[in-house]
Amino acid sequence: MHGPALSAWLMLTLCGASGAYCLLRARRCAGEERRTAAGEAVMGFGMAAMALPAAVVTPPAWWWSVYAAVFGAAAVHALMSVRRGGHHLHHLVGSLAMVYMAWPVQGAAHGAHGSGGGGSAPAVTAALLLYYVAYVLRSGARLVPVAASMGTPAVASATASTALSAGGPAPAWVVRPEFTLVCRLSMALAMLAMLVAL
């Protein structure tokens, strides 16, 4: 196992693990934090499904239409939630990127774009790549510890006060802000890799 198959398995593992962590976080959080974590879980599992190597499962042609519809609905939900703030604008961009990546694959499955799925628009791909590069750099910089004399690390500004649910208090590692940031960073890196492959 090497080349594209190995990278597909690595992407599937990374995105699946990120989705599972976000799902666990959604179960343990409340309010806006719960909605954000649930959206991130959907994104993680969706990216894992998209990364599934074709050698394992070749989805039917209609699969990509369903995929685009699911993430189109997620984009509409994120658009309606943007005014509440939080991470919803990023979810909107991510959902639209997933719809954008599904259309060339669907076109290739129907033979509309040849064998390579080359139906993507270079300008849109470039804009999404720039967005995700900036997001990755910003998220990575937030993970760098700040000297104690300068205050608390930037990542500590995200509070875990909403991390209580009916299930009781969450284990400490589930609600650690740096874990959440690493999860988001991992998914953004995976999105970059998927966009580069278009």
Side-chain angles (χ1 to χ4, degrees), residues 4 7-8 10-12 14-19 22 32 35-54 59 61 63-144 154-155 158 180-198:
S7 58
L10 290 171
M11 186 97 58
L12 185 143
L14 175 70
C15 294
S18 295
C22 293
E32 191 63 32
R35 285 187 286 277
T36 298
E40 290 168 350
V42 169
M43 182 66 69
F45 290 131
M47 290 172 68
M50 187 176 263
L52 188 66
W63 167 254
W64 299 108
S65 296
V66 171
Y67 199 86
V70 166
F71 280 97
V76 169
H77 181 267
L79 180 63
M80 294 187 317
S81 303
V82 163
R83 68 180 178 278
R84 287 199 306 255
H87 211 62
H88 296 292
L89 186 58
H90 178 68
H91 289 174
L92 174 62
V93 173
S95 295
L96 291 174
M98 295 296 275
V99 171
Y100 173 71
M101 289 188 292
W103 283 117
V105 175
Q106 178 193 16
H110 288 299
H113 298 295
S115 61
S120 60
V124 176
T125 302
L128 287 169
L129 283 169
L130 287 173
Y131 172 82
Y132 278 101
V133 165
Y135 184 86
V136 163
L137 292 174
R138 180 179 155 265
S139 297
R142 290 181 61 202
L143 282 171
V144 176
V155 89
T180 301
L181 192 55
V182 166
C183 177
R184 291 173 179 165
L185 179 61
S186 298
M187 286 195 290
L189 285 167
M191 186 71 80
L192 265 174
M194 289 180 170
L195 287 165
V196 166
L198 276 182

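Contact annotation: the side chain of His88 approaches that of Thr36 to within less than 4.5 Å [non-hydrogen atoms, C-beta and beyond]. Side-chain atoms of Leu130 and Val133, non-hydrogen and from C-beta on, never get closer than 4.5 Å to each other.
No side-chain N or O of His90 forms a donor-acceptor pair with one of Glu40 less than 3.5 Å apart.
The distance from the CG atom of Leu185 to the CG atom of Leu137 is 9.5 Å, given to the nearest 0.5 Å.
A pairwise comparison of heavy atoms in Ala75 and Leu92 identifies O-CD1, 3.2 Å as the closest pair. The heavy-atom pair separating Met194 from Met47 by the smallest distance is CE-O, 3.1 Å. Across Ser95 and Ala74, no two heavy atoms sit closer than the pair OG-CB, 3.5 Å. The minimum heavy-atom distance between Cys183 and Cys22, with the atom names listed, is SG-SG, 3.0 Å. The two residues Leu181 and Ser139 make their nearest non-hydrogen contact at CD2-O, 3.7 Å. Smallest separation of non-hydrogen atoms from Cys15 and Ala190: SG-CB, 3.5 Å.
The side-chain contact (heavy atoms from CB on, under 4.5 Å) check on Leu128 picks up Val93, Ala97, Tyr100, Val124, Leu195, with sequence neighbours excluded.
Using the six-membered ring where Trp is involved, Tyr132 and Tyr135 have ring planes that are perpendicular, over 60° apart on the 30 and 60° scheme.
Partner of Phe71 under the side-chain contact (heavy atoms from CB on, under 4.5 Å) criterion, out of Met50, Met101, Met98: Met98 alone.
At distances below 3.5 Å, not a single donor-acceptor pair connects side-chain atoms of Tyr131 with backbone N or O atoms of Gly94.
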